[in-house]
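Here is the naming used below: chain letters follow the sequence lines, and residue numbers restart at 1 for every chain.
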Amino acid sequence: MSQPLQKILMVEDEPDIRTVAHLSLQAIGGFTVELCSSGQEALVKAPVFQPDLILLDVMMPGMDGPTTFLELKKIPTLATIPICFMTAKVQPQEVAQYKAMGALDVVPKPFDPMTLPQLIRDIWAGRHG
Amino acid sequence: MADAKPEFQAQLRALQEAFAADLPKRLDELAQAWAIGESLESRIEAVRRQAHGLAGSGGTFGFPELSQSARALERKLQALQQGHAPLDSTLEQEITREILAIKAGASPASSPVPSPSGARASELGGSVRILSRDESLCTELVPQLQAFGFEVEVFDRFTAFKASTDQGGTALALVDLEASGPDPVDLAALGAARGTNGVLLPLVVISEQGDLPNRLQAVRAGAKAYLSKPLDAFRLLDRLDALNPMLQQDPVRVLIIEDDPVLAENNALVLRSGGIESTVVNDPMQALRPLVDDPPDLILMDLDMPGCSGLELAAVIRQQDAFVGVPIVFLSGEQRADQHMAAMRLGADDFLTKPAAPDYLVSVVISRAQRGRRLRSFMVRDSLTGLLNHSAIKEQLDREFARSERLNENLCLAMVDLDFFKRVNDTHGHPSGDRVIRSLARMLQQRLRKTDIVGRYGGEEFAVILPNTAPEAAKRVLDDLRQSFGALRFPFPRDPTHVTLSCGVSGFPRFKTPAALTEAADQALYQAKAQGRNRVVVAESSSPTSSTK
């Protein structure tokens, strides 16, 4: 991907993870970050914010990550925005399954707040995995 | 990372502290969710969800062990939900224990209940998975590995084996090259696979043949070892010990003595970013207590402090035998040759001027601390078993006893002695006797908790210190271990191929001094021998004339 990565939308139900990731991506990564606490909130905020990249937690109560993924992809203005899942399960066959769905990549949890921005950049540049 | 802003560091720290403050409540909720619920299904789901949350965040907030143990718990519960394992009372108890261990591990107080099996082996991060169709190999290997506390799974088809290792949770993958059946053994595919925590699968190849093409394949697949049949568990574990001198490297621990709290905190953060844990003392007059309670791998000390200068404090520290070897690194505000020389004469290991560049500080601390550890281990460890030697374990007993007295907690001492050991040496030779000793040493280390301390007290006698444990619980753990050890079959050409052990246990506060504790445990051991050996006896009372147990 040759465009610059500036705006990231993060969808995560756990408040403390949201706060740390926000801090990490903004203070260290220098990204502009918008947070959502649920899939429903993402469907409302994403078309307005028009992020360059969406980080999507897999296990959320109510609308889970994969369901949110499919719903986001139905929105025309969001169709080409790459989406990365965030989840504890990162076994190879599961990563393959998420990519087969159309996800760009998977960020493993727990993540290290010091290195998260670089990981995101690597994924963006297509160097990861 | 060197250019990360200090405000971020401070904010991150605040968030980590908030997580830590909230953690006890979350762990209480976890325990309650297991105990109370509408139905078994709802309890399992509630705990699984919470374990998943803890696993996903623990590591981010500075609790990596919490993430690991919560994930192990989550996997267990998922297996239950998917019907892979039935819920019997054993499994239910295991899950309860695991939840308690997670609670205890993540909180300041230590675990109240030592778990009898696999407490340490589970820290290896998973099971041993074996691919083999060789029945005699499996009947030989599996029970021995289990006795040492490993979980073992055996597969007779490559596809099932690969699928299982792909799921993660493999501490060690053993592949028998002769296991080609319906599916051929594809070492190359395993070489490309990832194991626990995303690192390369730890692979050991076993084969009858040692020809070059097979060995090359193993090398290309990144195998750690290539072992020939017949293979017994002892040879396998010896080989793995040689490859992994310390299966888990504890992080380096530093005591920072610095009167400026901001600077101290900053140094602590810098060291933290290098994986080093530190305790901070701002008042040099209070430095001795943490030094004694929790001996650090290295002391980082400010030279110019009010009340007691760094040099004076270092001299006091070096006065004591116990601290003659601990590395000391000084930080000073000025480059003063005379101070530098005085410091070196005192036995300082390094002298840095402030402000010390973070990368340099971290690398000096790590290299000095690791060297200090290696040197210290030669002084305190028994060369055959790697356990603490006689004087070191006695010293540890004094230290743990003082702590238990101060905190008003239970403490147990167990003396473990091999039965008829002279017979083993006479019949099979001393190298075989050594093998038995090393096997017991390994089993003690693997089956007990991280907080339990094991030492080699004498030729065939071991001492185990169990902090925060009552005698009845200690007896359960040691009895379990006694049975497992007695079940081991050593690969000796003739009898005896089994060796049993006897054990005496004494507890504080029933016995009131380290000397009384030691004498009582010895007496109890003597009784165990007199009553027929191969048993554990708990010292009942402090009266030396008490007759029966």
Side-chain angles (χ1 to χ4, degrees), chain A residues 10-31 33 35 37 55-62 64-65 84-97 105-123 128-129, chain B residues 1-23 26 48-64 66-68 70-71 74-75 78 162-170 189 192-198 201 269 272-273:
Chain A
M10 175 152 185
V11 190
E12 162 65 59
D13 65 296
E14 289 192 62
D16 38 18
I17 304 247
R18 271 204 306 275
T19 318
V20 172
H22 185 187
L23 185 61
S24 157
L25 292 171
Q26 212 154 258
I28 299 217
F31 302 116
V33 178
L35 299 171
S37 58
L55 288 179
L56 184 48
D57 182 24
V58 167
M59 290 246 184
M60 295 186 289
D64 71 4
C84 268
F85 282 110
M86 287 185 71
T87 179
K89 299 183 197 162
V90 279
Q91 309 316 325
Q93 79 230 40
E94 263 155 319
V95 174
Q97 275 168 14
D105 213 311
V106 177
V107 172
K109 280 166 107 173
F111 57 81
D112 177 354
M114 305 295 274
T115 58
L116 180 65
Q118 189 54 45
L119 179 61
I120 301 289
R121 284 194 203 284
D122 286 346
I123 292 176
H128 184 69
Chain B
M1 194 162 59
D3 27 306
K5 302 160 195 171
E7 316 98 71
F8 167 78
Q9 300 267 19
Q11 282 177 295
L12 177 61
R13 190 121 175 128
L15 288 172
Q16 286 173 335
E17 272 159 23
F19 180 87
D22 203 36
L23 191 53
R26 281 179 79 168
R48 190 202 58 77
R49 238 195 353 258
Q50 291 188 30
H52 179 86
L54 288 165
S57 38
T60 299
F61 293 94
F63 289 89
L66 174 64
S67 274
Q68 282 184 358
R71 172 114 62 234
E74 186 198 356
R75 269 204 296 268
Q78 270 171 338
K162 175 98 179 5
S164 163
T165 53
D166 277 345
Q167 276 173 29
T170 309
R194 304 260 142 185
T196 315
N197 299 330
L201 195 67
L269 265 180
R272 182 72 157 320
S273 69

### Query
Would A:E14 and B:R49 pass as an ion pair if we require N to O under 4.0 Å?
no
## Note on the structure
Here the pair of heavy atoms bringing A:K109 nearest to B:R71 is O-NH2, 3.4 Å
### Message
Check this for me: B:R272, atom CZ, are more than 12 non-hydrogen atoms of other residues, nucleotides or ligands nearer than 6.0 Å?
### Response
no
### Query
Counting distance only, does the side-chain N/O of B:T60 pair as donor-acceptor with the main-chain N or O of A:F111 below 3.5 Å?
yes
### Message
Shorter than 4.5 Å, heavy atoms on both sides: which option in B:G59, B:G53, B:G56, B:A18 has the most such pairs with chain A?
### Response
B:G56
### Task
Measure distances from B:S67 to the heavy atoms of chain A and classify the residue's part below 4.5 Å as side chain, backbone, both or neither.
side chain
### Task
Side-chain contact test, heavy atoms from C-beta onward, threshold under 4.5 Å: evaluate it for A:P110 versus B:Q68 and give yes or no.
no
### Task
Compare all side-chain heavy atoms of A:T19 with those of B:L15 and state whether any distance is below 4.5 angstrom.
yes
### Query
Which heavy atom of A:D16 sits nearest a heavy atom of B:F61, and at what distance?
O-CZ, 3.4 Å
